[in-house]
Undergrad: 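Okay, here's the structure, questions in a sec.
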Amino acid sequence: MSITGNAAKNVLSSDVEIKGNLKFAGELTFDGKLEGEINTEGVLNLGDSAVITGNINVQSVIVRGKVNGNINAQSVVVRGKITGNIVAK
């Protein structure tokens, strides 16, 4: 993990599987599997291999993988597949 200014940039690769909720600060690139919610006031980058089953509540998200759940964010970019609702504020 490296810290640039006040924003931490974190990476969880494709071999990571999480059952539970994920909360973080700063920026996260996630390429694994998650069953649960993601909450942050930061930035979430979902990689090509990412599979999320649950809701996402973030400031900003880029989806390249798959999301089975709702997304609530200020900024949403979708390049993958979403099964659910998107609310962009």
Undergrad: Yes or no on side chain to side chain contact (heavy atoms under 4.5 Å, CB included) for I18 and L12, after CA distance, side-chain angles and deciding distance?
TA: CA-CA 10 Å; I18 298 173; L12 294 174; 4.3 Å; yes
Undergrad: Minimum heavy-atom separation for V43 to F24, with atom names?
TA: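 Scanning both residues, the minimum pair turns out to be O-CE1, 3.6 Å.
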Undergrad: How many angstroms lie between CD in E35 and NZ in K19, if you round to the nearest 0.5 Å?
TA: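 Here the interatomic distance stands at 5.0 Å.
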Undergrad: Between N70 (side chain) and N85 (backbone), is there a donor-acceptor pair under 3.5 Å?
TA: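 Yes; judged by distance alone, with no hydrogens or angles, the pair exists.
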Undergrad: For the CG atom of N45 and the OG atom of S60, what is their distance to the nearest 0.5 Å?
TA: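 Rounded to the nearest 0.5 Å, the CG-OG separation comes out at 7.5 Å.
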Undergrad: Specify the closest pair of heavy atoms between L46 and A50, including all atoms of both residues, with the distance to one decimal.
TA: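 So the minimum-distance heavy-atom pair works out to CB-CB, 4.0 Å.
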Undergrad: Going from CD1 on I38 to CG on L22, what distance comes out if it is rounded to the nearest 0.5 angstrom?
TA: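 One gets 5.5 Å once the value is rounded to the nearest 0.5 Å.
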Undergrad: So if you build clusters from Ile, Leu, Val, Met, Phe, Trp, Tyr with side-chain heavy-atom gaps below 4.5 Å, do V58 and V16 land together?
TA: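 Yes, because V58 and V16 connect within a single hydrophobic cluster, where side-chain heavy atoms sit under 4.5 Å apart.
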Undergrad: Report yes or no: do V61 and I86 belong to one cluster of Ile/Leu/Val/Met/Phe/Trp/Tyr joined by side chain heavy-atom distances under 4.5 Å?
TA: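 Linked within one cluster.
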Undergrad: Which atom names give the shortest non-hydrogen contact between K89 and N72, and what distance separates them?
TA: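 Taking every non-hydrogen atom into account, CE-OD1, 3.1 Å.
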Undergrad: For Q59, is the CD atom crowded, meaning more than 12 foreign heavy atoms sit under 6.0 Å from it?
TA: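 More than 12 within 6.0 Å, yes.
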Undergrad: As an exercise, state the distance from CD1 of I52 to OG1 of T83, rounded to the nearest 0.5 Å.
TA: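 Between atom CD1 of I52 and atom OG1 of T83 there are 13.0 Å.
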Undergrad: Would the distance check show the side chain of D31 and the main-chain N or O of S49 forming a donor-acceptor pair, the cut-off being under 3.5 Å?
TA: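 At least one qualifying donor-acceptor pair exists.
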Undergrad: Working to the nearest 0.5 angstrom, can you tell me the gap between I71 CD1 and I56 CD1?
TA: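 Rounded to the nearest 0.5 Å, the CD1-CD1 separation comes to 4.5 Å.
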Undergrad: Quick one: NZ on K33 to OG on S14, what's the gap to the nearest 0.5 Å?
TA: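 One gets 9.5 Å once the value is rounded to the nearest 0.5 Å.
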Undergrad: Do F30 and V78 belong together in a cluster built from hydrophobic side chains that touch within less than 4.5 Å?
TA: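 Linked within one cluster.
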Undergrad: Can you see which heavy atom on V76 is nearest to which on A88, and at what distance?
TA: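 Heavy atoms of V76 and A88 come nearest at CG2-CB, 4.5 Å.
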